[in-house]
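Right, one structure below, let's go through it.
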Amino acid sequence: MTYQRTHTSRIILRGSMAVIGLGLLAGCATGPAANPDDPYESFNRNMYSFNDGVDKAILKPVATAYHNVTPKPVRTGVSNFFANLSDAWSFVNNLLQGRGEQAMDSMVRFNVNTVFGLGGLLDIATEMGVQRHKQDFGLTLGHWGVQTGPYLVLPFLGPSTVRDTVALPVDFYGGLTGNINDVAWRNSLYGLHIVEKRDALLDTSDLLEAAALDRYSFTRDVYLQVRQQRIAPRKSAVDKYDEDAGKLPDDY
């Protein structure tokens with residue numbers, strides 16, 4: 001089992017580095033009018049088309065069948081289960097970012113939903129008013145000043161950046177699913193998670209297909225914007241305590 005996990009991680013890491021290398025080569029051929037956030041647009045569009053073909057042939061039909069056959073309460077439970085797993089990894093990343101309150105919320109969410117929510121199938125923590133603060137290692141790197149680097153579209157995985165691609169192996173091992181020793185169970189959970197995520201995007205993808213939009217550009221811009229918004233701002237080193245804060249004016 002250990003060998004299989006090590007072999008899998010090596011494949012992921014090598015694949016990520018290969019994609020970055022291919023992206024760099026593709027970027028050499030781009031012109032001066034290239035989007036500064038997307039200098040490898042030619043490569044990325046080709047990869048986007050490949051992923052779109054896989055989605056139309058496999059992922060979307062499977063997700064549609066899952067949506068039609070599985071009762072909504074069950075689908076909600078599955079979504080809650082994977083969100084609960086992500087809270088554990090979010091706790092680690094919030095801690096690494098020095099976000100104590102958010103880390104505490106993530107830990108409380110995971111413990112409450114795991115113990116009282118039937119292993120995470122029920123989202124009790126949200127009902128209690130405990131907010132979710134989703135973070136990953138790519139966002140942690142961004143919090144500490146690591147630039148995103150060029151936009152990349154990864155095979156099967158979709159939108160990313162150089163920074164987020166480098167962070168993928170850490171997210172793989174840091175997440176609870178990646179630490180399951182039973183390969184069959186781990187792969188089954190990964191497969192179910194992919195279907196669950198695609199099911200959540202069915203309405204969005206249908207809307208994009210119906211609209212007269214450049215879906216590639218729209219997906220890229222939304223992804224980059226959302227990732228930037230989720231990076232928690234660091235407190236400036238020049239921030240000072242305001243001694244007059246809360247005082248009434250002298251002439252009051």
Flag, side chain of [X] to backbone of [Y], donor-acceptor distance under 3.5 Å:
{"X": "N51", "Y": "P155", "result": "no"}
{"X": "R163", "Y": "G138", "result": "yes"}
{"X": "D123", "Y": "N80", "result": "no"}

Please answer: with hydrophobic residues joined when any side-chain heavy atoms are less than 4.5 Å apart, are [X] and [Y] in the same cluster?
{"X": "L118", "Y": "V108", "answer": "yes"}
{"X": "L122", "Y": "F116", "answer": "yes"}
{"X": "V69", "Y": "L192", "answer": "no"}
{"X": "V92", "Y": "F110", "answer": "yes"}
{"X": "L202", "Y": "V78", "answer": "no"}

Please examine the side chains of [Y] and [X], heavy atoms only from C-beta on, and report whether any two atoms are closer than 4.5 Å.
{"X": "L201", "Y": "K197", "answer": "no"}
{"X": "R230", "Y": "D136", "answer": "yes"}
{"X": "E101", "Y": "M104", "answer": "no"}
{"X": "N111", "Y": "F91", "answer": "no"}
{"X": "N35", "Y": "R220", "answer": "yes"}
{"X": "N46", "Y": "F43", "answer": "no"}
{"X": "L168", "Y": "L154", "answer": "yes"}
{"X": "V162", "Y": "T165", "answer": "no"}

Checking side-chain polar atoms at under 3.5 Å, does [X] have a donor or acceptor matched by the opposite partner on [Y]?
{"X": "N113", "Y": "D87", "result": "no"}
{"X": "H133", "Y": "D105", "result": "yes"}
{"X": "Q135", "Y": "S90", "result": "no"}

### Task
Test Y223 against T161 for side-chain contact (heavy atoms from CB on, under 4.5 Å), laying out the working first.
CA-CA 10 Å; Y223 175 83; T161 62; 4.1 Å; yes

### Query
For T64 and R198, what are the C-alpha separation, side-chain angles and deciding distance, and is it a side-chain hydrogen bond (donor to acceptor under 3.5 Å, both in side chains)?
CA-CA 9 Å; T64 301; R198 186 61 184 87; over 6 Å; no

Do you know which two heavy atoms are closest between [X] and [Y], and how far apart they sit?
{"X": "E196", "Y": "F82", "result": "OE1-CD1, 4.2 Å"}
{"X": "V166", "Y": "P169", "result": "O-CD, 3.2 Å"}
{"X": "P36", "Y": "P39", "result": "O-CD, 3.8 Å"}
{"X": "A167", "Y": "F137", "result": "CB-CD2, 3.7 Å"}
{"X": "A88", "Y": "L176", "result": "CB-CD1, 3.8 Å"}

Would you compute the distance between atom [atom1] of [X] and atom [atom2] of [Y] and round it to the nearest 0.5 angstrom?
{"X": "T177", "Y": "L85", "atom1": "OG1", "atom2": "CG", "answer": "5.0 Å"}
{"X": "Q131", "Y": "T126", "atom1": "CD", "atom2": "OG1", "answer": "9.5 Å"}
{"X": "Q97", "Y": "Q102", "atom1": "CD", "atom2": "CD", "answer": "9.0 Å"}
{"X": "D199", "Y": "Y66", "atom1": "CG", "atom2": "OH", "answer": "6.0 Å"}
{"X": "M47", "Y": "Y40", "atom1": "CE", "atom2": "OH", "answer": "14.5 Å"}
{"X": "F81", "Y": "T114", "atom1": "CZ", "atom2": "OG1", "answer": "9.0 Å"}

Does atom [atom1] of [X] have more than 12 heavy-atom neighbours from other groups under 6.0 Å away?
{"X": "F50", "atom1": "CZ", "value": "yes"}
{"X": "N68", "atom1": "CG", "value": "yes"}
{"X": "Y190", "atom1": "OH", "value": "yes"}
{"X": "K134", "atom1": "NZ", "value": "no"}

### Message
Do the side chains of R45 and D38 get close enough for a salt bridge, i.e. N-O under 4.0 angstrom?
### Response
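Answer for the salt bridge query: no.
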
### Task
Taking only Lys NZ, Arg NE, NH1 and NH2, and the carboxylate oxygens of Asp or Glu, determine whether D182 and R186 approach each other closer than 4.0 Å.
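Salt bridge: no.
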
### Task
Carefully, step by step, assess T148 and R227 under the rule side-chain contact (heavy atoms from CB on, under 4.5 Å).
CA-CA 9 Å; T148 61; R227 293 293 288 179; over 6 Å; no

### Message
Before you tell me yes or no, could you show the steps for T219 and V153 under side-chain contact (heavy atoms from CB on, under 4.5 Å), namely the whole-Å CA-CA distance, both residues' side-chain angles and the distance that decides it to 0.1 Å?
### Response
CA-CA 10 Å; T219 302; V153 179; over 6 Å; no

### Query
Do the ring planes of Y151 and Y216 sit parallel (below 30°), tilted (30 to 60°) or perpendicular (above 60°)?
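Perpendicular: the ring planes of Y151 and Y216 meet at over 60°.
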
### Message
Go through it in stages, so that I can follow the logic: the residues are K72 and R75, the test is side-chain contact (heavy atoms from CB on, under 4.5 Å), and I'd like the CA-CA distance, side-chain angles, deciding distance and then a yes or no.
### Response
CA-CA 5 Å; K72 185 175 181 179; R75 300 199 309 272; 3.9 Å; yes

